[in-house]
Amino acid sequence: RSYSSALYLAALAGTGAMKENSDTINRLVSYLKTAQLDEDEGEGVPPYDWHYGSWNYYDRADTGTVRVDASVHAYCLAALAAAGVEAEDPVWGKARMYTERCHNWAAGRAAGPGNDGGFAFSPRVSKAGKQDVNGKPLFLSYGSATADGLWALQSLGVPASDPRSQ
C-alpha cells in the first residue's frame, strides 16, 4: 500500500491542482507519515533497528511481513517532497537514517568496498551480493538501488553538488 499511496500522491501533487485535491493529498501524506516504520503508532520499531525510517512494502508491520527496500523508500520520499512536506517534519530525519544505512559511503574514507558511493537494496540485502569487510558483512552497491538511493537523497534535500550525491 505504501507504493500505491506514494504513486497516487506524487501524481496528484504533479498536477499542479494542490488546492483542488487538498483533502486527498492530506490523507495520503498522513497515511505515509503513519506508515513509516518508527517507534510510533504501535509498530515499535526502535531507531537502532535497520528497518527504522523506511516504509513496509506490505500493509502489516509485524516482523513476519516487513519488507523494506531502497525502491519503496525512494518513492515514498519523492511523494512526500512533491506534496510539500516541510523540511522540519520528523519524517525526514527518520528517513535519513534508513537512507544512510543503505548508502555505501563514508566521508574521509578511501574508495573501495563499502565506500563506492552506491547503494544496496537494503541494509541487509543486495542483489549484487555481499562481501566480508573487517569481519562484517557488506551489502554491495548496484545500479537500480543506487538510482533509488540518489533519488532518496534528492528528496531529502541533499544537493547534487554534495559529495554524497556524486
Side-chain angles (χ1 to χ4, degrees), residues 1-19 21-22 24-38 40 45 47 49-58 66-109 111-128 138-166:
R1 184 166 161 199
S2 294
Y3 258 130
S4 59
S5 296
L7 288 168
Y8 188 27
L9 176 57
L12 284 176
T15 65
M18 297 285 278
K19 195 175 276 188
N21 294 304
S22 64
T24 303
I25 288 170
N26 290 336
R27 277 196 315 273
L28 290 166
V29 166
S30 178
Y31 169 76
L32 288 176
K33 286 182 180 183
T34 301
Q36 187 180 37
L37 297 174
D38 58 19
D40 297 332
V45 178
D49 187 298
W50 68 273
H51 299 96
Y52 184 85
S54 193
W55 286 264
N56 193 358
Y57 184 84
Y58 303 107
V66 173
R67 175 187 161 196
V68 296
D69 59 56
S71 182
V72 69
H73 186 73
Y75 274 88
C76 290
L77 288 177
L80 291 168
V85 173
E86 301 210 3
E88 300 79 27
D89 195 290
V91 73
W92 302 116
K94 295 171 187 178
R96 182 171 276 106
M97 289 178 69
Y98 182 81
T99 304
E100 290 171 354
R101 288 176 174 147
C102 294
H103 198 185
N104 289 324
W105 181 85
R109 215 169 77 202
N115 201 34
D116 60 8
F119 285 79
F121 190 60
S122 85
R124 297 286 183 265
V125 175
S126 176
K127 294 174 186 175
L138 166 73
F139 295 89
L140 301 173
S141 305
Y142 66 99
S144 60
T146 297
D148 287 329
L150 291 171
W151 193 21
L153 288 176
Q154 180 183 30
S155 298
L156 288 165
V158 175
S161 59
D162 188 291
R164 295 171 291 175
S165 297
Q166 299 184 13

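Closest approach of Ala78 and Ser155 over heavy atoms only: CA-OG, 3.3 Å. Scanning all heavy atoms of the two residues, the minimum distance from His51 to Tyr98 falls at O-CD1, 4.1 Å. Here the closest heavy-atom approach between residue Met97 and residue Pro47 is recorded as CE-O, 3.5 Å. The two atoms that bring Ala160 and Ser165 nearest to each other are O-CB, 3.8 Å, heavy atoms only. Leu12 and Thr15 make their closest contact through O-OG1, 2.7 Å (heavy atoms, listed as atom of the first residue, atom of the second, distance). The minimum heavy-atom distance between Ala79 and Ala6, with the atom names listed, is CB-O, 3.2 Å.
Summarising the local packing, CD of Glu86 is surrounded by 12 or fewer heavy atoms from other residues, nucleotides or ligands at distances under 6.0 Å.
The distance from atom CG of Asp49 to atom OG of Ser54, rounded to the nearest 0.5 Å, is 11.0 Å. With rounding to the nearest 0.5 angstrom, the CG atom of Asp38 is 12.0 Å from the NZ atom of Lys33. In this structure, the separation between OG on Ser2 and CG on Leu7 is 10.5 Å, given to the nearest 0.5 Å. Note that the CG atom of Leu153 and the CZ atom of Arg96 stand 8.5 Å from one another [nearest 0.5 Å]. We find the OG1-CG distance between Thr99 and Leu156 to be 4.5 Å, quoted to the nearest 0.5 Å.
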Residue pair Trp55, Tyr3: steps toward the ring pair (Phe, Tyr, Trp, His ring centres under 6.0 Å) verdict: CA-CA 9 Å; Trp55 286 264; Tyr3 258 130; over 10 Å; no

side-chain contact (heavy atoms from CB on, under 4.5 Å) between Asp148 and Trp151: does it pass, once the steps are laid out? CA-CA 5 Å; Asp148 287 329; Trp151 193 21; 4.3 Å; yes

One pair to check against side-chain contact (heavy atoms from CB on, under 4.5 Å): Phe119 and Ser126. What are the steps and the verdict? CA-CA 9 Å; Phe119 285 79; Ser126 176; over 6 Å; no

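Using a 4.5 Å heavy-atom threshold, the side chains of Phe121 and Cys102 count as separate. Put simply, the side chain of Tyr57 does not reach to within 4.5 Å of the side chain of Val68, judged on heavy atoms.
Judged by distance alone, with hydrogens and angles left aside, the side-chain atoms of Asn104 form no donor-acceptor pair with the main-chain N or O of Leu140 at under 3.5 Å.
Screening Leu32, Asn26, Ile25 against Val29 for a side chain to side chain contact (heavy atoms under 4.5 Å, CB included) leaves a single residue, Ile25.
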